[in-house]
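Have a look at the structure below, then the notes.
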Amino acid sequence: MQKLAASSFREDVERLVQQIPEGLVSTYGDIAALAGHAGAARTVGGIAHFGDPTLPWQRVVNAKGGLASGYPGGREAHARDLIAEGVPCSEQRVEDFEERRWRP
DNA sequence: CGAGTGACCGCAA
DNA sequence: ATTGCGGCCACTC
């Protein structure tokens, strides 16, 4: 296969987030690794804040399955959105998060 | 090219 | 359980 795009880290991450199926969640570290740059979880967080707001960032949680701290509205809004998406979660972390971890 | 930043990650006290 | 510390990496100024 060939390079169809310049695959910027940002582009890759946004694309991955966009393809996360409903009912599943992913982690910043995993997305960074899937984007080809494991360890860049922090950078993914930066993209989440400054990237495309239309993407389902609500399906993206931290390595512990916990909700993000900088989510617009706070963990409450994040938890609410996740539940609305079909992802059962407590007010602080996702239930069965490791089983709901999206895998390409 | 250098320094600062962050919706993180993991560990230790 | 909570708090603190360092490390890692891409992005922005």
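Quick note: numbers below take in every heavy atom, side chains included, and nothing from hydrogens, waters or symmetry partners. In what follows, chains are A, B, ... by sequence order, proteins preceding strands, each numbered from 1.
- Taking every heavy atom of both residues into account, A/Leu55 and A/Gln18 meet most closely at CD2-NE2, 3.3 Å.
- Of the listed nucleotides (B/dC9, C/dC9, B/dA7), B/dC9 has the atom at the smallest distance from the side chain of A/Asn62.
- Between A/Arg93 atom CZ and B/dC8 atom P the separation is 17 Å, expressed in whole Å.
- Protein atom CZ of A/Arg42 is 16 Å distant from nucleotide atom P of C/dT12, rounded to whole Å.
- Look at CZ on A/Phe9: it is 12 Å from P on C/dT12, rounded to the nearest Å.
- With distances taken from any side-chain atom of A/Ala41 to the nucleotides B/dC9, C/dC8, B/dA7, the minimum falls on B/dC9.
- Minimum interatomic distance between A/Ala35 and A/Val13 (heavy atoms only, all atoms of both residues): CB-CG2, 4.0 Å.
- One atom, CG of A/Asp12, and another, P of C/dC11, lie 10 Å apart when rounded to the nearest Å.
- Below 30°, between 30° and 60°, or above 60°: for A/Tyr71 and A/His78 the angle between ring planes is below 30°, a parallel geometry.
- A salt bridge links A/Glu85 with A/Arg59; the closest basic N to acidic carboxylate O contact falls under 4.0 Å.
- Ranking C/dC9, B/dC8, C/dC11 by closeness to the A/Ala40 side chain, first place goes to C/dC9.
- Rounded to an integer number of Å, the gap from CD of A/Glu11 to C1' of C/dC11 is 14 Å.
- Toward the 5′ end of DNA chain C lies the nearest nucleotide of A/Thr43, the other residue of the pair A/Arg10 and A/Thr43 mapping further downstream.
- As a whole-Å value, the separation of A/Ile31 CD1 from B/dC9 P is 10 Å.
- For the pair A/Pro88 and A/Val94, the tightest heavy-atom approach, listed with the atom from each and the gap, is O-CG1, 3.9 Å.
- When rounded to the nearest whole Å, the span between OH of A/Tyr28 and C1' of C/dC11 equals 16 Å.
- A/Phe50 places its CZ atom 24 Å from the P atom of C/dC9, with the value rounded to the nearest Å.
- Backbone-only engagement by A/Ala63 is indicated by non-hydrogen atom pairs under 4.0 Å involving sugar-phosphate atoms exclusively.
- Not a single donor-acceptor contact under 3.5 angstrom links the side-chain atoms of A/Tyr71 to the base of B/dA7.
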